[in-house]
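A, B, ... follow the sequence lines: proteins, then strands. Residue 1 opens every chain.
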2 protein chains.
Amino acid sequence: MNIAEGLPQQELKNQFNKTGLRFTPQREAVWRIFEGNPSGYTISQATAALAAQKVGQATVYRTIRALQDLGYLKKVHDQNGERRFVASRPGHSHMLVCRSCSRAVECSDCDLSVLEKLISRQTGFAVEGHHLEFFGLCPECS
Amino acid sequence: MNIAEGLPQQELKNQFNKTGLRFTPQREAVWRIFEGNPSGYTISQATAALAAQKVGQATVYRTIRALQDLGYLKKVHDQNGERRFVASRPGHSHMLVCRSCSRAVECSDCDLSVLEKLISRQTGFAVEGHHLEFFGLCPECS
DNA sequence: AATTTAATGAAAAATACTATCAATTATGAA
DNA sequence: TTCATAATTGATAGTATTTTTCATTAAATT
């Protein structure tokens with residue numbers, strides 16, 4: 001039931017290669033811990049977990065950024081306001097985060113265009129996009 | 001046209017006093033720079049601006065946190081993904097941030113309950129709330 | 001195999017944030 | 001007002017986080 005379950009490693013490798021980057025064993029190791037955990041990790045949790053696999057701290061930082069840039073990691077905020085990264089599919093979507101276990105699921109994109117029009121009228125802004133994050137209790141924690 | 005324009009200093013003072021805190025000249029200085037700038041400040045911008053007014057770094061950190069807790073500062077993300085703080089009224093609301101000048105305006109709360117119900121059905125989550133931030137171009141930058 | 005390019009990781013550097021504590025300032029009671 | 005109490009400040013030290021550097025290693029290309 002992972003967000004990115006069934007994502008072929010090949011797709012990720014291709015995405016890296018497309019921009020001249022290499023899908024190294026270290027980068028694969030980083031991806032694997034996220035792919036395997038729907039609650040994701042804070043940076044410090046990830047560096048700790050990956051240190052056990054002999055992946056250096058700088059590499060973790062660099063890889064998390066790369067995965068973010070490719071759209072395979074998204075940033076969310078847990079109950080404590082701490083920043084976590086969770087596996088996701090590329091593209092715009094919204095995240096729904098459990099306040100108890102931090103499990104995150106991706107919501108299919110919801111149409112806020114009506115809202116954006118309303119806000120444009122109210123404020124005079126040309127609204128171009130939004131970030132939306134939901135929080136609540138996941139089925140297991142309910 | 002500031003978000004918090006016309007907010008009486010008195011109200012802020014009362015809010016501080018209500019919890020046993022004092023509205024000191026330093027805290028007032030912090031508040032004033034935010035009140036006067038709809039684009040808000042990053043922490044480092046704020047510490048720099050306030051150092052010129054002889055407000056110490058620790059006090060800036062402490063005061064920003066206090067103003068946040070009281071609801072008079074809200075955190076937004078600018079075009080570079082950097083965290084800024086902008087003056088706001090207490091309570092739940094959404095922020096609309098200009099990608100060019102970082103000017104932020106507060107949107108009256110918009111009803112996402114229909115969306116939340118839909119997401120509950122789709123995911124099984126008990127949705128309790130959300131964070132929503134819009135970005136676009138403000139009238140001046142359009 | 002030789003060459004070129006990218007990635008790694010250890011360490012240093014830079015940045016961000018928090019805690020400590022003596023001195024100062026405000027508040028309230030007498 | 002004066003004294004006692006409590007909160008605040010800011011300098012500094014301390015901790016944590018993130019980025020950069022660079023020599024080395026590994027991968028891709030020729």
Side-chain angles (χ1 to χ4, degrees), chain A residues 9-10 12-34 40-70 72-78 80-85, chain B residues 9-34 40-70 72-78 80-86:
Chain A
Q9 300 274 315
Q10 190 58 40
L12 205 43
K13 177 164 160 44
N14 290 344
Q15 289 304 315
F16 270 96
N17 292 344
K18 193 186 284 182
T19 39
L21 302 175
R22 295 167 187 172
F23 192 53
T24 63
Q26 288 91 338
R27 287 175 180 170
E28 193 183 326
V30 174
W31 170 246
R32 250 183 307 105
I33 71 161
F34 282 100
Y41 295 90
T42 63
I43 291 257
S44 67
Q45 288 171 345
T47 52
L50 287 157
Q53 299 178 45
K54 307 288 178 219
V55 180
Q57 187 201 41
T59 298
V60 175
Y61 273 94
R62 287 188 280 235
T63 304
I64 286 178
R65 175 171 304 177
L67 287 168
Q68 260 192 291
D69 290 346
L70 292 173
Y72 290 99
L73 281 186
K74 287 208 171 68
K75 202 188 319 182
V76 298
H77 297 90
D78 66 16
N80 310 317
E82 285 186 303
R83 199 175 35 140
R84 308 180 74 82
F85 294 94
Chain B
Q9 301 273 316
Q10 191 57 40
E11 173 182 335
L12 205 43
K13 178 164 161 45
N14 290 344
Q15 288 303 314
F16 270 97
N17 293 344
K18 194 188 284 186
T19 39
L21 301 174
R22 294 170 188 168
F23 192 54
T24 64
Q26 288 91 338
R27 287 176 179 166
E28 193 182 326
V30 174
W31 170 246
R32 250 184 306 105
I33 71 161
F34 282 100
Y41 295 90
T42 63
I43 290 257
S44 68
Q45 289 171 345
T47 51
L50 286 156
Q53 298 179 46
K54 306 288 177 217
V55 181
Q57 186 202 45
T59 298
V60 175
Y61 274 94
R62 288 188 280 235
T63 305
I64 285 178
R65 175 171 302 177
L67 287 169
Q68 260 192 290
D69 290 346
L70 291 173
Y72 290 99
L73 282 185
K74 288 208 171 66
K75 204 186 320 182
V76 298
H77 297 89
D78 65 18
N80 310 318
E82 284 186 304
R83 200 174 34 138
R84 309 180 74 82
F85 294 94
V86 297

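For dT15(C), the OP1/OP2 oxygens have no side-chain nitrogen or oxygen of S44(B) closer than 4.0 Å.
Here the P atom of nucleotide dA16(C) and the CZ atom of F85(B) are 12 Å apart, to the nearest Å. Note: NZ (K75(B)) to P (dC17(C)) measures 10 Å, nearest angstrom. Summarising the geometry, the separation between CH2 on W31(A) and P on dA7(C) is reported as 18 Å, rounded to the nearest angstrom. Taking atom CG on L67(A) and atom P on dA7(C), their separation rounds to 13 Å, with Å as the unit. Atom CZ of R65(A) is separated from atom C1' of dT17(D) by 13 Å (rounded to the nearest Å). With rounding to whole Å, E28(B) atom CD is found 12 Å from dT9(D) atom P.
E11(B) is listed as a side-chain neighbour of Y72(B), based on a closest heavy-atom distance under 4.5 Å.
The salt bridge (Lys or Arg N to Asp or Glu O under 4.0 Å) test applied to K75(A) returns no partner, not counting sequence neighbours.
Interface residues of residues 49-64 of chain B facing DNA chain C, ordered by number: Q57(B), A58(B), Y61(B), R62(B); criterion, heavy-atom separation under 4.0 Å.
Formation of a donor-acceptor pair under 3.5 Å by the T19(B) side chain with backbone atoms of F16(B) is found in this model.
At its two ends the helix from dA1(C)-dT30(D) to dA30(C)-dT1(D) runs along axes set 30° apart, each axis drawn from five pairs and the angle rounded to 10°.
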